[in-house]
Amino acid sequence: MRISETFYSIQGEGTLTGIPSVFIRTAGCHLRCRWCDSLYASRQARGRERTIDSLVDEVRRYPTRFCVLTGGEPMLAKGIHDLARRLVDGGRHVTIETAATIPPQGVACSLASLSPKLANSTPGMDISVAVRRRHEAQRLQPDVIRDWIDHYDCQLKFVVCSSSDIAEVIDLLDRLDRNITPEKVLLMPEGVDAAAFSKVAAPVIAACKEHGFRFCDRLHIRLYGNRPER
Ligand code: SF4
């Protein structure tokens, strides 16, 4: 498998925040989010080849049962189904962090952390028209999101840049037409440093209080800044 990096840290986002976890970050992503904080992982060529055996062995060395498959887009990675199955069968709790644009097709998964991309993710004019168009065409796949929701324990995590994004979240939840409890909907202020994060936090907290959504911190940004967690 093409792997960007592996590391042992605490989960910094979502309902499992604070839990020591082994992270396996796959290389390669078909999207190009404007605010992506792991662009280094979005290029497949930058990853290095790892066998599934070596990844499973590495996970076993850490004193936690929690494992996070992230990216890039982990569902694109060749071998992801075999890796996830080996980890779950080995007793690991496996979170898959995905943009939910690729169907799960039965992938073994304890928690699907779905991060559908809002319009705020579309790259700016500094990026080529072709890349922007491709991102726009692929970023949101409601049928695929429903497929995940219907088959897995899920959390839906949205990156929010401004208060106007909240209406888009609510509209998408309506369109999905699924019984998603509000505390499974996580609103995460955009920001790759503590100052930028705090700037957007106030309207996000207000929206959470109004709709019952969960405020999603980025603990790793506060602890480590915008660099790979160690
Ligand atoms: S889907 Fe994730 S890895 Fe891919 S560009 Fe967007 S934020 Fe980055």
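For ligands, and for the atoms within them, numbers begin at 1 and follow the listed sequence. Because the structure is predicted, anything quoted here is derived from the model rather than measured.
- Of all the atoms in ligand 1, the ones that sit under 4.0 Å from a non-hydrogen atom of K117 are 1 (S), 6 (Fe).
- Using a cutoff of 4.0 Å between basic side-chain nitrogens and carboxylate oxygens, R146 and D177 are not scored as salt-bridged.
- Clustering ILVMFWY residues whenever any of their side-chain heavy atoms sit less than 4.5 angstrom apart, transitively, puts L156 in the very cluster that holds I205.
- Distances shorter than 2.8 Å separate atom 4 (Fe) of ligand 1 from the protein N/O/S atoms C29 SG.
- Residue pairs meeting the ring-ring contact (aromatic ring centres under 6.0 Å, His included) criterion with at least one member in residues 69-122, sequence neighbours excluded: F66-H93.
- Ring-plane geometry between Y152 and W148 is classed as tilted, the angle between the planes lying from 30 to 60 degrees on a 0 to 90 degree scale.
- Under a 4.0 Å N-O distance rule, the pair R85/D82 does not qualify as a salt bridge.
- In this structure, the side chain of R139 engages the main chain of K117 through a donor-acceptor pair within 3.5 Å.
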